[in-house]
Structures are given as C-alpha cells and as structure tokens.
Amino acid sequence: MSDRFPTDEMELTHILVVSDLGASVSFYRDVLGAELVREYGGTSAVFSFGPAWLLLVTGGGPTSDKPDVTFAAPAEPEQVSHAMTIRVPDCAAAYELLRDRGARFLTPPATYDWEVRAFFRDPDGHLLEISEARV
C-alpha cells in the first residue's frame with residue numbers, strides 16, 4: 001500500500017444502526033430510491049446510493065475487534081450527533097417526490113441566501129436533509 005491516504009481505490013461506506021431492518025430497507029429502497037446490493041443474514045443490508053455506499057445494521061454488543069462498543073439505533077431522535085445531506089439540483093421537486101413516496105418532512109423546504117433545504121427522518125429517526133445550493 002502506498003503512503004497516500006485516501007487512494008483512488010478506496011470507497012467510503014456510511015453505517016446506520018437500525019431497529020427494524022425490513023422497515024429501513026423499504027425506506028431506503030422505496031422512498032429514497034437507493035439500490036439494494038445485498039443483505040446479510042437478516043441483520044444487515046448494503047445499498048448503493050449515487051457514489052456512496054450505505055450499510056444498515058441491526059444493533060449488537062461488543063465484539064473482539066471493538067470490545068467497548070455497542071451499536072444501537074438512536075435512543076432520542078431529537079438529539080442529533082450525525083446527519084446526512086443529499087445535494088439535489090431542485091429541492092422543491094425532490095421534496096414533492098420524496099413526500100409522495102412516504103418521506104415525512106419536519107417542515108416544507110426553507111429558503112436561505114445560500115441554499116434551499118428540508119429535513120426528514122428515516123424509520124429510526126436518523127436525520128436526513130435535501131439541499132439545493134443557491135450560489
């Protein structure tokens with residue numbers, strides 16, 4: 001391996017811990033339109049979403065390679081320590097499409113000098129945002 005990090009061969013996969021894999025698979029596939037690549041034993045599912053990878057996993061306790069770590073879905077969705085933004089060319093159109101597919105937005109799109117954006121949650125309360133740049 002070269003001393004360059006990251007390299008062109010690397011890819012980043014985002015992991016979300018979910019409480020109900022079936023409901024989350026339906027949401028990410030049917031509402032967001034992510035491509036389900038594979039599922040593993042009823043505890044995880046891999047999606048391709050544009051140039052990104054998304055891994056949904058059910059919770060679990062420590063393992064030998066992460067001895068002090070427990071994976072758990074958000075306990076309090078109103079407290080956010082992490083969120084994902086999906087950059088879109090037309091926030092109003094994306095809002096209408098996703099809402100028609102079942103996404104529940106916190107508010108209609110809000111317009112600021114620099115962007116138009118709207119927030120919604122997945123079945124476990126993970127916060128997602130659609131954002132249209134205005135510059």
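- When all heavy atoms are compared, the tightest approach of R101 to L32 is NH1-C, 3.8 Å.
- Residues satisfying the side-chain contact (heavy atoms from CB on, under 4.5 Å) test with A52, not counting sequence neighbours, are none.
- Taking the ring centroids of H14 and H126, they lie at or beyond the 6.0 Å cut-off.
- Annotation: the span from D124 atom CG to L56 atom CG amounts to 9.0 Å, rounded to 0.5 Å.
- Summarising the geometry of A73 relative to S19, their closest heavy-atom pair is CB-N, 3.9 Å, with the distance given to 0.1 Å.
- Applying the side chain to side chain donor-acceptor pair (under 3.5 Å) rule to pairs touching residues 39-52 yields R38-Y40, sequence neighbours excluded.
- R29 CZ: more than 12 foreign heavy atoms inside a 6.0 Å radius.
- Looking at residues two or more places apart in sequence or on another chain, you find no side-chain hydrogen bond (donor to acceptor under 3.5 Å, both in side chains) involving T58.
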Output a table of donor-acceptor pairs, distance under 3.5 Å, between side-chain atoms of residues 128-135 and any protein atom two or more places apart or on a different chain; print 'none' if there are none.
{"from": "E129", "atom 1": "OE1", "to": "T85", "atom 2": "OG1", "distance (Å)": "2.7"}
{"from": "S131", "atom 1": "OG", "to": "R87", "atom 2": "NH1", "distance (Å)": "2.8"}
{"from": "S131", "atom 1": "OG", "to": "E115", "atom 2": "OE1", "distance (Å)": "2.5"}
{"from": "E132", "atom 1": "OE1", "to": "C91", "atom 2": "N", "distance (Å)": "2.8"}
{"from": "R134", "atom 1": "NH1", "to": "Y112", "atom 2": "O", "distance (Å)": "2.9"}

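- Under the 4.5 Å side-chain contact rule for hydrophobic residues, V80 and M84 do not share a cluster.
- For the side-chain hydrogen bond (donor to acceptor under 3.5 Å, both in side chains) test, no residue two or more places apart in sequence or in another chain qualifies with E78.
- Residue I86 is grouped with residue V31 when hydrophobic side chains (ILVMFWY) are merged at heavy-atom distances under 4.5 angstrom, including chains of intermediate members.
- With sequence neighbours left out, T63 forms a side-chain hydrogen bond (donor to acceptor under 3.5 Å, both in side chains) with D65.
- With rounding to the nearest 0.5 Å, the separation of OG in S26 from CG in D122 is 12.0 Å.
- A118 and P108 get closest at one heavy-atom pair: CB-C, 4.4 Å.
- The aromatic rings of F120 and F27 are tilted relative to each other, their planes meeting at an angle between 30° and 60°.
- The closest side-chain heavy-atom distance from F119 to T107 is not below 4.5 Å.
- L127 and Y95 are assigned to two separate hydrophobic clusters, defined by single-linkage of ILVMFWY side chains at heavy-atom distances under 4.5 Å.
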